[in-house]
Amino acid sequence: MGGKAPHRKVAAGTPGEITNSEVAAMFRTLADLLAIEGANPFRVEAYRRAARIVEGLPRPVAAMVAEGEDLTRFYGIGKDLAGKIRTIVETGRLPLLDEMLARMPEGLLDLLSLPGLGPARVRLLHEQLGIETLRELEDAIRAGKLRRLPGFGPKTEEKILAAIARMRHPGGGRRLLAEVEETARAIETHLGTFPGTIHAAVAGSFRRRKESVGDLDCVMAVEDGAGAIRHFLTFPRRAETVSAGITRATILLDDGLQVDLRVVAPESWGTTLAYFTGSRAHTLALRHLAREKGWKLNEYGLFAGERRLAGPTEAGLYAAFGMEWIPPELREMRGELAAASAHRLPELATRADIRGDGRVRGIGPDGRVIVARQAEAARRAGLAWLGIADPMPGSGLRGALAEDALSRRAEAIARWNRKAIAPRLLPAGIFAIDPSGRIRPDPAPWRARGLVIVARPRATALHEDMTDGVEKAIATGLIDILATPTGRRVLESAEFSIDPVRLIEAARANDVCLEICGIPQRLDLSDVHARMARKAGARILLASAATTPERQIQIGYALDQARRGWLEAKDLVNTRDTPPFSVAISGEG
DNA sequence: GCCGTTTTCGGCCCGACTGTTTTCAGTCG
Ligand SMILES: Nc1nc2c(ncn2[C@H]2C[C@H](O)[C@@H](COP(=O)(O)OP(=O)(O)OP(=O)(O)O)O2)c(=O)[nH]1
Ligand SMILES: [Mg+2]
Ligand SMILES: [Mg+2]
């Protein structure tokens, strides 16, 4: 998925500086309007590329502009785009976008967002039939007007009506990575049951472990391609077939999730897997490199004239360019090609490196003590230590414990630790940091009693800036771990705003661990912020934040993002054999 | 709109599927 933007109205009048995703949305809308107008497709592409670049920045572009940073140092941002970004940051508006919105009906963007309807036909519908909205499009089809247009026919009408119907039902949008995990495994299993399967894998953003995915992209290596496609179409959860040829197919599942399949012969497995894993920018860059050398790269292989240079394996493809194999998590055009050429890719942290989980709940959703169950699950996972953290009485956090629950929890922790078997449990409490920097409740007495202090920034108003408060709270020296440090939410806007540079510097200076929270909706720190924190020398801690023992697997999602942030085992506190906190482990907590 | 020791102008990845087409444009990955 990707390309055309699902049109979303940008929240207007948001207090504070403009966010990167708002800037990106403006460029995407502009690109869509230009495309409909028939502008140079490469110019359109340039705006989409700019949107991606801005969205992927670890810092607010507004702050970068304010500090006079030269944005043209980003490949794909030239003088013009840098100027437009500056204008957006300073005025909140993009004049070219305003001008185009005044000239073109906004409803055209809704038309463009229909799968199968691109800029050329949206333009035709508008120019020839005056269609400006989905409703008008439906009416025109019902009146039999569409099939009179060149390139339109009865089938086109049908497909458009179906697309409109689908759009009115929920389920078409992006999903959390964790949400599609089960489906992805089921499809992989299904593809594996085809007798002719030599290789099968889910590629795309799922394989890159991106925090959210637009669809599932599958690859198969077989000798009998047509048979493989037929087998794919028998997946029990298939609801619709969008297209099905002899080398590829696209289906929709019962829940609206799109699944793409690409089928090739085994000698092309490596190059097809690489192509379908992406990212698009990474794939395009490889193809540019091939051209520079006078070669050609497509899904079938890397070729010098007729001669095949690579194809069967991914490693062979990268090796042909003089590169190490690049882990999928790094294929985002964030410096991985240069690093792979220099043979200086990081040795990414793995599951086997993880010795401890930063925090899980000791009190279940029903108020019962689940310390032993959490410990047993961690034991089965081979962990050496486990933080037990619940929201403190007086923290004002949702689900804050009563005093008696805290003492029952403490007894359970002490009981487990007396057994002196793995994992060692670390009693911890979650405290709240308010925008003024006050920590609730006062952590000092708790710290003295051996409790690990986990603190969470909590805004009192939407979009509030927490930077000063968090800096102040960290400076007290009373905090061990900063949980959900940036307040970001996957696929949603952040709970508060914070300057990541100052946050990370404060954490580093005071030896506070920055958490990567594994809750699928949070994944906070994000990949790019984790990378930034590592560069700055801050300590990073993965936490499943599991509210039940089953959810301890969430630490895997935190690890995914750590890997996307180029982190090695040595960069993670979790890889140490002994608990990393200086506080006494009396079990009193 | 961006970019460049081949280039400051003229390129910009490359292929599959669909529907309407009489040879291909549009859309998508
Ligand atoms: N060569 C080439 N490859 C593309 C293009 N668009 C997509 N791909 C490749 C790279 C992508 O990772 C892969 C799957 O495409 P998707 O649109 O599903 O993107 P991706 O999975 O990366 O992100 P998503 O979460 O689905 O939006 O196909 C393209 O325009 N050209
Ligand atoms: Mg796809
Ligand atoms: Mg995808």
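Below, chains carry the letters A, B, ... as their sequence lines are ordered, and counting in each starts from 1. When reading the values below, keep in mind they use all heavy atoms of this one structure, side chains included, and skip hydrogens, waters and symmetry mates. Not measured: the values here are computed from a predicted model.
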Please tell me which of the listed nucleotides, [options], lies nearest to the side chain of [X]?
X      : options                : value
A:T156 : B:dC3, B:dG19, B:dC14  : B:dG19
A:Y47  : B:dG1, B:dG15, B:dT18  : B:dG1
A:L284 : B:dC14, B:dC13, B:dT18 : B:dC13
A:R262 : B:dC17, B:dC13, B:dG15 : B:dG15
A:T247 : B:dT18, B:dG1, B:dC17  : B:dC17
A:P154 : B:dG15, B:dT20, B:dC17 : B:dT20
A:S243 : B:dC2, B:dC13, B:dC17  : B:dC17
A:N298 : B:dA16, B:dC14, B:dC2  : B:dC14

Taking only side-chain nitrogens and oxygens of [X], does any of them come within less than 4.0 Å of OP1 or OP2 of [N]?
X      : N      : result
A:K296 : B:dC13 : no
A:H288 : B:dC13 : yes
A:R291 : B:dC14 : yes
A:Y300 : B:dC13 : no

Rounded distance in Å - [atom1] ([X]) to [atom2] ([N]):
X      : N      : atom1 : atom2 : value
A:N40  : B:dC2  : CG    : C1'   : 11 Å
A:L30  : B:dG1  : CG    : P     : 9 Å
A:I251 : B:dC17 : CD1   : C1'   : 16 Å
A:R43  : B:dG11 : CZ    : C1'   : 17 Å
A:M333 : B:dC3  : CE    : P     : 12 Å
A:L289 : B:dC14 : CG    : P     : 12 Å
A:L302 : B:dC14 : CG    : C1'   : 14 Å
A:I160 : B:dT18 : CD1   : C1'   : 13 Å

With a 4.0 Å cut-off, would you call [X] and [Y] a salt bridge?
X      : Y      : answer
A:R185 : A:E182 : no
A:E37  : A:R43  : no
A:E138 : A:R168 : yes
A:R209 : A:D527 : no
A:D254 : A:R237 : yes
A:E299 : A:R248 : no

Inter-nucleotide [atom1] distance ([N], [M]), Å rounded:
N      : M      : atom1 : answer
B:dC2  : B:dT7  : P     : 22 Å
B:dC13 : B:dT20 : C1'   : 27 Å
B:dG26 : B:dT21 : P     : 13 Å
B:dG15 : B:dC9  : C1'   : 28 Å
B:dC17 : B:dC12 : P     : 24 Å
B:dG1  : B:dT6  : P     : 28 Å

A:R147, CZ atom: more than 12 neighbouring heavy atoms under 6.0 Å: yes

Side chains of A:R334 and A:R531: closer than 4.5 Å at any heavy-atom pair? yes

If you define the side chain from C-beta out and look only at heavy atoms, does anything of A:F232 sit under 4.5 Å from A:M220?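 They are not in contact (no side-chain heavy atoms under 4.5 Å apart), so the answer is no.
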
Give me the one residue out of A:V213, A:L216, A:T277 that meets side chain to side chain contact (heavy atoms under 4.5 Å, CB included) with A:S205.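 One option only clears the test, and that one is A:V213.
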
Reckon A:L297 touches a base, only the sugar-phosphate, or nothing at all at heavy-atom distances under 4.0 Å? sugar-phosphate

Under 4.0 Å, counting only non-hydrogen atoms across every strand here, what does A:A244 touch: a base, just sugar-phosphate, or nothing? sugar-phosphate

Per-nucleotide protein contact along nucleotides 22-29 of chain B, 5' to 3', at a 4.0 Å heavy-atom cut-off (B base, S sugar-phosphate only, - neither), is ----SSSB

So which one's nearest nucleotide on DNA chain B is more toward 5', A:G245 or A:E292? A:E292

Which residue lies toward the 5' end of DNA chain B, A:V242 or A:R49, if each is placed at its nearest nucleotide? A:R49

Identified pairing partner of B:dT8, criterion: Watson-Crick or G-U wobble below 3.5 Å: none

